[in-house]
Amino acid sequence: MIRVEKLSKVFGNVTVLKEINVEIHKGEIISIIGPSGTGKSTFLRCLNLLEQPTSGKIFIDEIDILDKNTNVPKLRQKMGMVFQSFNLFNHLTVLENLTIGQTKLLKRAKAEAESRGHELLKLVGLSEKAENYADELSGGQKQRVAIARCLSMDPEIILFDEPTSALDPTMVSEVLAVIRRLAKEGMTMAIVTHEMDFARDVSNRVFYMDEGIIYEDGSPQQIFHSPQKEKTRAFINRIRSLNYSIRNTNFDFYAMNGEIEHFCEKHVLPKKVVNNIKLIFEELIIIHNAVYNEVSIDVTVSYSEKNEAVELLFTYKGKNLNLLELKMDDDIGQNIIKNLCQSITYSFDAESNKLFITLK
Ligand code: ADP
Ligand code: MG
């Protein structure tokens, strides 16, 4: 369906895409993952010519889209795009957002466009919002309308650029559910996403982008469980766990919590879990600093996809002491932690104290 040959994109003196070669077939659901700044958005934007490639060729159904005779608006209809920010018309109703493209670009009659609009609202679960203005909707609802609007143009492929990144974590799943449904119905899609569980479940092919190329292209099984190349492996391992080092009492507490929140969002962990992790570390750090003068703490949060469990590791250097079994005048902190944990294992080795914790 899409064939890309030696696609390059240069901004000023920065080469963002370096001679990418790839084919996308009808019915494929491709997740595109990778560190930020590696050209994932640029790649999608080049595919539908929102960005003019510097060199290379792109064929869609064997038509060379960079040929100057190609009808670009027509091409864009074949390729819907859903952005992080929904780009709805806020002064129009939800239904009008879905009919405007159909009547203006596809020249459909109003009644036909409205009937299709209602069908699509049903598909994304928003029938009752047809007459609401777009700005009356929540972020998750707006994004579902944006997907319906994209579908209203009868695209052959949909390109999603981080469709859930701008959403409150509570709204991520409703949008992913709609994308899953499209996947079931056989829609061809390329999805840039940080939602790794989703990428693994929904797609049948994963691109890991790095160094300006599709650095590794494989099945979800390969990319997530046995990546062949070094950078893919490093990336996949990094997203499975978060490490944070604390070396003095004035460390940036907010930065650590921010990283924990971001990590938990990526794994779609409930808010309560996020709060419990932050609370456990906060209490442990308070107890630690009451006992030790030197601060050398490393915290790790891991999410075991297999057990669907969060595991915490709290490592601190110094004399052999289990912070949770210490006799203290005020044992509230210790009790708070014990109440939130499923299991706590303490070990000491080579000046390192380790508390391995699984959450309830
Ligand atoms: P990703 O989506 O993987 O985070 P992007 O495709 O957005 O990455 O960006 C890749 C690189 O290209 C970044 O270094 C970014 O700063 C640069 N870039 C993207 N768009 C432009 C632009 N319009 N002008 C200049 N540089 C850009
Ligand atoms: Mg991007």
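Sequential numbering from 1 along the given sequence is applied to the chain's residues. Not measured: the values here are computed from a predicted model. As the structure lists them, so they are numbered: ligands from 1, and atoms in each ligand from 1.
Heavy-atom contacts of Val16 reach the following atoms of ligand 1: 10 (C), 11 (C), 12 (O) (cutoff under 4.0 Å). Atoms of ligand 1 found under 4.0 Å from any heavy atom of Thr38, numbered from 1 in the order shown, are 1 (P), 3 (O), 8 (O). The Ser36 neighbourhood of ligand 1 comprises atoms 4 (O), with distances under 4.0 Å to a heavy atom of that residue.
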Which atom pairs, one a donor and one an acceptor, fall under 3.5 Å between side chains of residues 9-22 and the rest of the protein, sequence neighbours left out?
residue : atom : partner : partner atom : Å
Lys9    : NZ   : Gln52   : O            : 2.6
Asn21   : OD1  : Lys6    : N            : 2.7

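Closest to atom 6 (O) of ligand 1 among all protein heavy atoms lies Thr42 OG1, 2.5 Å. At the top of the distance list for atom 7 (O) of ligand 1, counting protein heavy atoms only, stands Ser41 CB, 3.7 Å. In terms of protein heavy-atom proximity, atom 8 (O) of ligand 1 is nearest to Gly39 N, 3.2 Å. If you check which protein heavy atom lies closest to atom 4 (O) of ligand 1, you get Gly37 N, 2.7 Å. For atom 23 (N) of ligand 1, the nearest protein heavy atom (residue, atom name, distance) is Phe11 CE2, 3.4 Å.
Hydrophobic clustering places Ile357 together with Leu242 (ILVMFWY residues linked when any side-chain heavy atoms are closer than 4.5 Å, directly or through intermediates).
One N or O on the side chain of Lys338 and one on the backbone of Leu324 form a donor-acceptor pair closer than 3.5 Å. Looking only at distances, a side-chain donor or acceptor of Gln141 sits under 3.5 Å from a matching main-chain atom of Ser138. For Thr188 (side chain) and Gly27 (main-chain N/O), a donor-acceptor pair under 3.5 Å exists by modelled atom type.
Taking the six-membered ring where the residue is Trp, the centroids of Tyr346 and Phe348 are separated by 6.0 Å or more.
For Ser343, the side-chain hydrogen bond (donor to acceptor under 3.5 Å, both in side chains) partners at least two apart in sequence or on another chain are Thr358. With sequence neighbours left out, Arg3 forms a salt bridge (charged side-chain N to carboxylate O under 4.0 Å, His left out) with Glu5, Glu62.
Within 4.0 Å of atom 15 (C) of ligand 1, not a single protein heavy atom is present.
Inside a sphere of radius 2.8 Å centred on the Mg ion (ligand 2), the protein N/O/S atoms present are Ser41 OG.
Note: Tyr208 and Phe235 have tilted aromatic rings, judged against thresholds of 30 and 60 degrees for the angle between ring planes.
With rounding to the nearest 0.5 angstrom, the CZ atom of Arg149 is 10.0 Å from the CG atom of Leu92.
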